[in-house]
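Below is one structure, written out as structure tokens; the observations come after it.
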Amino acid sequence: MKQRGLSTELIHRGEDAPVRADPVNVPIYETTTFLFENADEVLRYQEGKVDKYLYSRYANPTVVVTEQKIAALDRAEAALVFASGMAASSTLLLTFLRPGDELLCSAAIYGGTFHLVNDVLTRLGIQVRFATLEEFGDPASLLGARTRLCWIESPINPTLRCLDVAHVARACREAGVLSVLDNTFASPINQQPLALGVDLAMQSATKYLNGHSDVTAGTVSGSRTLLQKVDLMRRFLGGVMDPLAAFALARGLKTLPVRMARHNATADAVARFLEQDGRVTRVFYPGLASHPDHAIARTQMSGFGGMVTFEVAGGLDGASRVFDRFHVIRRATSLGGVDSLVSLPVLTSHYNYSDGDLARAGVTAGMLRVSIGLEDEADLIEDLDQALG
Ligand SMILES: Cc1ncc(COP(=O)(O)O)c(C=O)c1O
């Protein structure tokens, strides 16, 4: 064969070699596109007669494997992964909402979701109705003729208040309204949205699912019929997950059950330590009998998660003094990773809220939110003890 030029060689040499390896792990298919033999194969692909990959914005083998793991985790027929939790939420919402539809939304949701629905969806002619946790006590009364979708979160940030998920899901189903639960704080190990009757489970996989604070990702799980629609919208909006991130997420998922068991156990011990400490005015943990939604949490959660919020006297000054003294627990926002992280809600998720809005959210300036990681329990409790001064 004629000697080819160096550039051609460097681009093509080895690429067509048949793979003769049997890796234990699914390789990272870091390719944007996939080869076809001839025009007939392209045509058969387009006609759905051959099962092949075409283009990574549509589907990618590494990403598909990660989606299969998410479907297993949520006990769902199908799942999709996204470039972030917000990409998952926006794609889902734009799949099902049309101008004139009403979105019923819990007032107690993640700030990014709040801005997405309040600032963006409303511009597209979608009406958004926010309801408080108390109003969700009678969900049927909130569902009108134009309500198309209901978006809830439980437990919520930072008070870890819980909604009765099965009650809301039942009312939605009876009214023909699609229900969605952002399950990020609980994780599917502790709470199974689909088993509770919710149509679609959404998660920021940036948190517990990946678990190492090094991947930004989101997921949506549910029936094959619903997910096919979301899949089509994901192709148009383009918020797909990169194969490298999918590989890392798949690795994180393999240890999720053991990580969650440890998060649950250590957070429970930390919450109990804080509750008996006189320097702490209030502790918020769904596993404590003192939590306002402990009874609901017990019915719908099999573990209470790794998030603990507590309050000290002295408002923001008092909380800041404690915040600044941590040595093991690290000062950063986000949650669900191996590292314990602490944040001040009024300086992060609830920054710039009016006093009235803070009161409605049940958030005070003296609150600290801790994401309990996988460090040794004794070291975390000692760190909290010394930080409390
Ligand atoms: C409850 C909840 N939902 C959604 C998101 C958005 O996820 P991401 O940051 O992965 O886009 C977050 C992020 O903090 C969150 O806490």
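Both counts, for ligands and for their atoms, begin at 1 and track the order of listing.
- The structure places CZ of Arg282 at 10.5 Å from NE2 of His291, a figure rounded to the nearest 0.5 Å.
- Residues Met307 and Val322 do not share a hydrophobic cluster, clusters being chains of Ile/Leu/Val/Met/Phe/Trp/Tyr side chains in contact below 4.5 Å.
- Between Lys52 and Glu41 there is a salt bridge, with a side-chain nitrogen of the basic residue lying less than 4.0 Å from a carboxylate oxygen of the acidic one.
- Between Ser204 and ligand 1, a contact under 3.5 Å exists for at least one N or O pair.
- Counting heavy atoms closer than 4.0 Å to ligand 1, residue Ala205 contributes nothing at all.
- Ring geometry, Phe34 versus Tyr53: the interplanar angle falls from 30° to 60°, so the pair is classed tilted.
- Between Glu153 and ligand 1, not a single N/O pair is under 3.5 Å apart.
- Scanning all protein heavy atoms for the shortest distance to atom 10 (O) of ligand 1 gives Thr206 OG1, 2.6 Å.
- Ring planes of His263 and Tyr208: perpendicular class, angle over 60° (limits at 30 and 60°).
- Heavy atoms of Gln203 come nearer than 4.0 angstrom to ligand 1 in no pair at all.
- Remark: the Gln191 side chain and the Ser302 side chain contain no N/O donor-acceptor pair separated by less than 3.5 Å.
- For ligand 1, the polar-atom distance check against Met86 finds a nitrogen or oxygen pair separated by under 3.5 Å.
- With hydrogens left out, the protein atom closest to atom 9 (O) of ligand 1 is Lys207 NZ, 3.8 Å, a heavy atom.
- Ring pair His294/Phe304 is tilted by interplanar angle, where 30° to 60° counts as tilted.
- In terms of polar-atom proximity, Gly85 is counted as a contact of ligand 1, with an N or O under 3.5 Å from an N or O of the ligand.
- In terms of polar-atom proximity, defined here as any N/O pair under 3.5 Å, Thr216 makes no such contact with ligand 1.
- Under the 4.0 angstrom criterion for non-hydrogen atoms, Ala217 is in contact with ligand 1.
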